[in-house]
Asks: 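Got a structure for you, questions after.
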2 protein chains.
Amino acid sequence: MLSKKTKYGLKALTYIAKSEGDNPVQISEISKCENIPQKFLESIMLTLRKSGFLGSKKGKHGGYYLIKEPAQIKMSDVMRVLEGPIAMVPCVSLNFYEKCDDCPDEHECSVHKLMIQVRDNTLKVLRNNTLEDLSGSLNDKTSKIT
Amino acid sequence: MLSKKTKYGLKALTYIAKSEGDNPVQISEISKCENIPQKFLESIMLTLRKSGFLGSKKGKHGGYYLIKEPAQIKMSDVMRVLEGPIAMVPCVSLNFYEKCDDCPDEHECSVHKLMIQVRDNTLKVLRNNTLEDLSGSLNDKTSKIT
DNA sequence: CATTAATCCTATAGATTTAATAGGAATTAC
DNA sequence: GTAATTCCTATTAAATCTATAGGATTAATG
């Protein structure tokens, strides 16, 4: 299951990407328009800023803005920051690898083999989708791939 | 993340599929060989039996056995029973659909669109893999698909 | 028929994670 | 200097996951 944190974070990024102009977007506005608890969103925005997706401006008329082009922001990267590993088991994770307690040899593990396939396919989708795709400013993704 | 419940369940099913002969396999044996807490495994096996994957025999020399051929047991079905929805958000689930609290219109939701793609790709893998593939009694899956 | 070995069943404790809130400090515009 | 905003840390509340407890039931066996 996708955590609310990640879901809210993705929605907020999308909202900022969609909002035209260079003015920073305020948490209170996103919170209202996207039905996200404001204080919770606050902590999420902080995470996204600290991990390099957003910049911020403090004080009156402050807010958050994108640092990179939407087309440069891969969903796989956002997901790793907000949700953690993309793999369903740590022993199959590229960025958060951990050995399983119960497996003497993970190459013998049936679950391992299956989860590698799941990971590869999920990763394909997440790497292929950028914030630009989510915010849908351009045409549908499907028209760009053959 | 895959829950331990699911992981243990998949390992147990694989173990039974691999064990030759028609004798029922005991929880204590699986528990020892696969490093799974016995009492926990007990409750998992119960779930798998009640949902039609396993049969059981009580009393001395009792245990669990497969009801269907390994090739007939799709990972997507096992996952749904043990883990719940395959989709990462309920609004995108085929078998456990639920509307999101925060979305007025889910067709406008950027997360929704992305998660449909993830679901479709995950489902492809899980439908394509059966217990036979996990237990690896035959050759590698890749040789069967072109 | 007594013993032993297994599943069956319900409940619940313990641990971890997630979701959300609290409360104020720091900064900026005007 | 006041209002509006982000920044930061801590903490609570709720949900979920993991595991165990304790016995009831059933079946094989000598």
Side-chain angles (χ1 to χ4, degrees), chain A residues 1-12 16 23-32 34-51 53-67 79 81-85 88-90 96 98 100-102, chain B residues 1-12 16 23-32 34-51 53-67 79 81-85 88-90 96 98 100-102:
Chain A
M1 275 292 149
L2 201 70
S3 67
K4 299 251 182 185
K5 182 178 169 187
T6 304
K7 191 185 179 195
Y8 292 160
L10 289 175
K11 281 188 160 191
I16 296 176
N23 295 327
V25 184
Q26 288 140 28
I27 287 176
S28 58
E29 181 187 342
I30 304 176
S31 161
K32 267 178 221 155
E34 298 289 343
N35 302 301
I36 302 171
Q38 175 155 347
K39 270 293 192 180
F40 193 14
L41 182 56
E42 211 179 296
S43 70
I44 297 167
M45 300 302 271
L46 220 47
T47 305
L48 288 171
R49 193 210 47 161
K50 286 184 178 167
S51 48
F53 294 103
L54 294 175
S56 69
K57 192 185 165 196
K58 279 187 181 179
K60 205 167 188 176
H61 298 172
Y64 288 92
Y65 50 88
L66 293 176
I67 283 188
M79 289 280 288
V81 163
L82 293 175
E83 189 76 5
M88 294 190 82
V89 281
F96 302 81
E98 263 180 65
C100 296
D101 291 336
D102 52 318
Chain B
M1 276 290 149
L2 201 69
S3 66
K4 300 251 183 186
K5 182 178 168 189
T6 303
K7 190 183 180 196
Y8 292 160
L10 288 175
K11 281 189 160 191
I16 296 176
N23 294 329
V25 184
Q26 287 139 27
I27 287 176
S28 59
E29 181 187 342
I30 304 176
S31 160
K32 266 179 221 153
E34 299 288 344
N35 302 302
I36 303 172
Q38 176 156 347
K39 271 290 192 181
F40 193 14
L41 182 57
E42 212 179 295
S43 70
I44 297 167
M45 299 302 270
L46 220 45
T47 303
L48 287 171
R49 194 211 45 164
K50 286 184 178 167
S51 48
F53 294 103
L54 295 175
S56 69
K57 191 184 165 197
K58 280 188 178 179
K60 206 168 188 176
H61 300 170
Y64 289 93
Y65 50 88
L66 293 176
I67 282 188
M79 290 281 287
V81 162
L82 294 176
E83 190 76 6
M88 293 190 81
V89 280
F96 300 81
E98 260 180 68
C100 296
D101 290 336
D102 52 319

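Chain naming here is simple, since letters A, B, ... match the order of the sequence lines and numbering starts at 1 in each. Computation of the quantities below employed the complete heavy-atom set of this structure, encompassing side-chain atoms and omitting hydrogens, waters and symmetry-equivalent molecules.
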Asks: Respond yes when some side-chain nitrogen or oxygen of A:His61 is under 4.0 Å from OP1 or OP2 of C:dT28, and no when none is.
Replies: no
Asks: Of all heavy-atom pairs between B:Pro24 and B:Tyr65, which one has the smallest distance, and what is that distance?
Replies: CB-CD2, 4.2 Å
Asks: For D:dC7, take OP1 and OP2 only and decide whether either is under 4.0 Å from a side-chain N or O of A:Ser56.
Replies: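 Yes, within the criterion.
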Asks: Does C:dA20 have its OP1 or OP2 closer than 4.0 Å to a side-chain nitrogen or oxygen of A:Tyr8?
Replies: yes
Asks: Going by heavy atoms in the side chains, are A:Leu46 and A:Tyr64 under 4.5 Å from each other?
Replies: yes
Asks: Which is more 5' along DNA chain C, the nucleotide nearest B:Ser28 or the one nearest A:Lys5? Just name the residue.
Replies: B:Ser28
Asks: Pick base, sugar-phosphate or nothing for A:Lys50, based on heavy-atom distances below 4.0 Å to the nucleic acid.
Replies: sugar-phosphate
Asks: Roughly, in whole Å, what's the span from NZ in B:Lys60 to C1' in C:dA2?
Replies: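 So the NZ-C1' distance, B:Lys60 to C:dA2, works out to 11 Å.
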Asks: Nearest-nucleotide wise, let me know which of A:Pro37 and B:Ile27 is further upstream toward the 5' end of DNA chain C.
Replies: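 In this pair, the answer is B:Ile27.
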Asks: Please give, in whole Å, the distance from C:dA19 P to A:Glu83 CD?
Replies: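 Atom-to-atom, A:Glu83 to C:dA19, this comes out as 8 Å.
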Asks: Is any side-chain N of the basic residue among A:Asp102 and B:Lys7 closer than 4.0 Å to the acidic one's carboxylate O?
Replies: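 A salt bridge links A:Asp102 with B:Lys7.
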Asks: Between A:Gln38 (CD) and D:dA4 (P), how many Å, whole number?
Replies: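 That distance rounds to 13 Å.
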Asks: To the nearest Å, how far apart are A:Leu2 CG and D:dT16 C1'?
Replies: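 Going from A:Leu2 (CG) to D:dT16 (C1'), I get 16 Å.
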Asks: Side chain of A:Leu46: nearest nucleotide among D:dA19, D:dC8, D:dT5?
Replies: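 In terms of side-chain proximity for A:Leu46, the closest of D:dA19, D:dC8, D:dT5 is D:dC8.
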Asks: Taking the side chain as C-beta and beyond, is there a heavy-atom pair between B:Thr6 and B:Met79 under 4.5 Å?
Replies: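 With C-beta onward as the side chain, the pair touches.
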Asks: Figure out the CG/P separation between A:Leu48 and D:dC8, and round it to whole Å.
Replies: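 The distance from CG of A:Leu48 to P of D:dC8 comes to 14 Å, rounded to the nearest Å.
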Asks: Roughly how many Å is it from CG in B:Asp102 to P in C:dA19, rounded to a whole number?
Replies: 12 Å
Asks: Nearest to the A:Lys39 side chain among C:dG23, D:dT6, D:dA27, which nucleotide is it?
Replies: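 Side chain of A:Lys39 sits closest to C:dG23.
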Asks: Which pair of heavy atoms, one from B:Leu82 and one from B:Gly9, lies closest together, and at what distance?
Replies: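 Closest approach of B:Leu82 to B:Gly9: CD1-CA, 3.9 Å.
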Asks: Between the base of D:dC8 and the side chain of A:Glu42, is there any donor-acceptor pair under 3.5 Å?
Replies: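 Side chain to base: pair present.
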Asks: Once you round it to whole Å, what is the distance between P of D:dC17 and CG of B:Leu82?
Replies: 12 Å
Asks: If I take atom CZ in residue A:Phe40 and atom P in nucleotide D:dC8, what distance separates them, rounded to the nearest angstrom?
Replies: 18 Å
Asks: Does a side-chain N or O from A:Arg49 land closer than 4.0 Å to OP1 or OP2 of D:dC7, or not?
Replies: yes
Asks: Under 4.0 Å from OP1 or OP2 of D:dC7: is there any side-chain N or O of A:Tyr64 that close?
Replies: yes
